[in-house]
2 protein chains.
Amino acid sequence: MQRCAPEAPLYEGELIEEGALFHALADPARLRILATLARADDERCVCDFTVGLALNQSTVSHHLKILKAAALVIGERRGTWGFYRLAPGARERIERALERTLPAAVRA
Amino acid sequence: MQRCAPEAPLYEGELIEEGALFHALADPARLRILATLARADDERCVCDFTVGLALNQSTVSHHLKILKAAALVIGERRGTWGFYRLAPGARERIERALERTLPAAVRA
DNA sequence: GCCGTGAATCGATGAATGTCAATGCAGGCC
DNA sequence: GGCCTGCATTGACATTCATCGATTCACGGC
């Protein structure tokens with residue numbers, strides 16, 4: 001392969017963390033969970049999602065685990081029920097990841 | 001299963017399109033391509049990515065196809081070489097998808 | 001036309017993922 | 001204690017995906 005330009009290094013960052021964060025957002029079921037929590041302003045029971053999404057209970061639990069691993073939600077268990085809420089600063093973390101990838105400020 | 005609350009519908013939108021958009025961002029190689037294009041302010045040759053990323057040429061082409069399908073980049077072929085640039089409004093589309101999912105304005 | 005070159009496409013393969021059924025676990029209630 | 005209930009975890013399975021090698025395609029130069 002011959003070069004079409006003398007030199008052209010590309011962005012050096014690895015963006016592994018950003019990829020993992022966006023990956024957690026790459027599923028409609030997880031997005032609906034996040035959208036619901038964002039509009040709730042308080043916690044929601046796990047059974048809400050089991051009923052609302054047309055998904056098995058174990059599948060819902062699986063998605064919640066992924067969202068928790070990505071630090072987008074926080075979960076708490078009280079008695080028999082489990083409650084989840086949006087993690088503080090969840091949107092800000094996504095916005096920062098987006099800013100690191102596609103800076104809004106036009107380049108030099 | 002018994003309900004922990006009398007009624008609790010969840011977010012009604014399907015968020016399929018948003019999921020597909022975030023999926024395009026859910027890979028470090030694609031993020032590096034986007035980050036490079038965002039900082040370039042003009043087009044970049046495909047061979048740049050083939051050299052820069054430690055990936056096969058066909059793999060790079062595959063990722064570029066995904067980014068193009070997500071309308072995040074636009075590609076053009078001039079002669080033997082192929083050139084890609086960031087699609088106008090790419091960042092805005094992502095921000096709107098984020099806004100639909102996690103509205104910044106606090107809820108009613 | 002015939003090569004050479006860069007990029008796109010095809011086919012295959014191994015890994016990761018979403019989903020469900022079954023099981024395990026912790027807490028409440030009798 | 002024994003049982004029920006809601007959630008988490010495990011195992012299995014089908015699908016999707018990232019990656020590569022080989023092939024094909026489009027263009028330029030001879």
Side-chain angles (χ1 to χ4, degrees), chain A residues 1-6 8 10 14-16 18-34 37 43-70 73-85, chain B residues 1-6 8 10 14-16 18-34 37 43-70 73-85:
Chain A
M1 182 186 59
Q2 186 175 319
R3 301 281 312 112
C4 60
L10 43 89
E14 287 302 321
L15 298 174
I16 303 285
E18 290 78 2
L21 183 60
F22 287 125
H23 174 82
L25 301 173
D27 184 277
R30 289 196 288 271
L31 287 181
R32 287 194 67 189
I33 293 176
L34 287 176
L37 292 178
E43 60 202 0
R44 294 293 295 263
C45 168
V46 173
C47 55
D48 286 349
F49 302 118
T50 306
V51 173
L53 310 169
L55 289 176
N56 196 305
Q57 174 264 318
S58 64
T59 304
V60 172
S61 200
H62 169 67
H63 285 308
L64 286 170
K65 186 175 183 176
I66 291 178
L67 290 174
K68 189 193 291 191
V73 305
I74 53 181
E76 182 190 358
R77 186 139 188 180
R78 284 200 306 278
T80 323
W81 289 280
F83 298 92
Y84 282 82
R85 66 173 63 228
Chain B
M1 180 188 57
Q2 186 177 319
R3 301 283 310 111
C4 61
L10 44 87
E14 288 301 323
L15 297 174
I16 304 285
E18 289 79 2
L21 183 60
F22 286 125
H23 172 82
L25 300 172
D27 184 277
R30 289 195 288 269
L31 287 182
R32 287 195 68 189
I33 293 176
L34 287 177
L37 292 179
E43 60 202 2
R44 294 294 296 260
C45 169
V46 172
C47 56
D48 285 349
F49 302 116
T50 307
V51 173
L53 312 168
L55 289 176
N56 196 308
Q57 174 262 321
S58 64
T59 305
V60 172
S61 200
H62 168 68
H63 286 308
L64 287 170
K65 186 176 184 176
I66 292 178
L67 291 174
K68 188 193 290 189
V73 305
I74 53 181
E76 182 191 0
R77 187 137 185 182
R78 285 202 305 278
T80 324
W81 289 280
F83 298 92
Y84 281 82
R85 65 174 64 225

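Every chain is numbered from 1, with letters handed out A, B, ... down the list of sequences.
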Worksheet entry | Distance under 6.0 Å and angle within 45° of ring axis: Arg77(B) vs Phe83(B) |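 No; the conditions do not both hold, so Arg77(B) does not lie above the ring face of Phe83(B).
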
Fill in: Atom pair CG (Asp48(B)) and CH2 (Trp81(B)), whose distance is rounded to the nearest 0.5 Å
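It comes to 12.0 Å.
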
Item to complete: Would you give the length of the straight line joining atom NE2 of His62(B) to atom CG of Asp27(B), rounded to the nearest 0.5 angstrom?
Response: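 CG of Asp27(B) is found 8.0 Å from NE2 of His62(B).
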
For the residue pair [X] and [Y], establish whether any side-chain heavy-atom pair is separated by less than 4.5 Å.
X: Tyr84(B); Y: Val46(B); result: yes
X: Arg44(A); Y: Phe49(A); result: yes
X: Val73(A); Y: Leu37(A); result: yes
X: Glu76(B); Y: Glu43(B); result: yes

Whole angstrom value for the distance that separates [atom2] of [N] from [atom1] of [X]:
X: Phe49(B); N: dT19(D); atom1: CZ; atom2: C1'; value: 18 Å
X: Asn56(B); N: dT9(C); atom1: CG; atom2: C1'; value: 13 Å
X: Leu55(A); N: dA21(C); atom1: CG; atom2: P; value: 12 Å
X: Trp81(A); N: dC7(D); atom1: CH2; atom2: C1'; value: 12 Å
X: Glu76(A); N: dC7(D); atom1: CD; atom2: C1'; value: 14 Å
X: Arg44(A); N: dC7(D); atom1: CZ; atom2: P; value: 13 Å

Touch class at under 4.0 angstrom, heavy-atom based, for [X] against every strand present:
X: Tyr84(B); answer: sugar-phosphate
X: Leu64(B); answer: nothing
X: Ile66(B); answer: sugar-phosphate

Name the pairs: protein N/O against N/O of nucleotides 23-29 of chain D, kept only if under 3.5 Å.
none

Practice prompt. Please lay out, stage by stage, how His63(A) and Ile33(A) fare under the test side-chain contact (heavy atoms from CB on, under 4.5 Å).
Written response: CA-CA 9 Å; His63(A) 285 308; Ile33(A) 293 176; 4.2 Å; yes

Practice prompt. Kindly state which residues belonging to residues 26-34 of chain B come within less than 4.0 angstrom of DNA chain C, counting heavy atoms of the residue only, listed by number.
Written response: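 Heavy-atom cutoff 4.0 Å gives no residues at all.
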
Item to complete: For the side chain of His63(B), starting at C-beta, report the closest nucleotide among dT19(D), dC20(C), dA8(D).
Response: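 Nearest nucleotide to the side chain: dT19(D).
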
Response to the item:
5' to 3', nucleotides 10-16 of chain C under a 4.0 Å protein heavy-atom cut-off (B base, S sugar-phosphate only, - none) gives -------

Item to complete: In plain terms, say whether Glu18(B) and Arg32(A) are close enough for a salt bridge, that is, a side-chain N and a carboxylate O under 4.0 Å apart.
Response: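 Looking at Arg32(A) together with Glu18(B), the answer is no, because their closest N to O distance does not fall below 4.0 Å.
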
Worksheet item: Hey, does the side chain of Ser61(A) come within less than 4.0 Å of dC7(D)'s phosphate (OP1/OP2), counting only N and O?
Response: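 Negative; the distance criterion is not met.
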
Worksheet item: Any donor-acceptor pair under 3.5 Å linking the side chain of Arg30(A) with the backbone of Leu25(A)?
Response: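 Side chain of Arg30(A) to backbone of Leu25(A): no pair is present.
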
Practice prompt. Verify side-chain contact (heavy atoms from CB on, under 4.5 Å) between Lys68(A) and Ile74(A), making sure each step is shown before the conclusion.
Written response: CA-CA 6 Å; Lys68(A) 189 193 291 191; Ile74(A) 53 181; over 6 Å; no

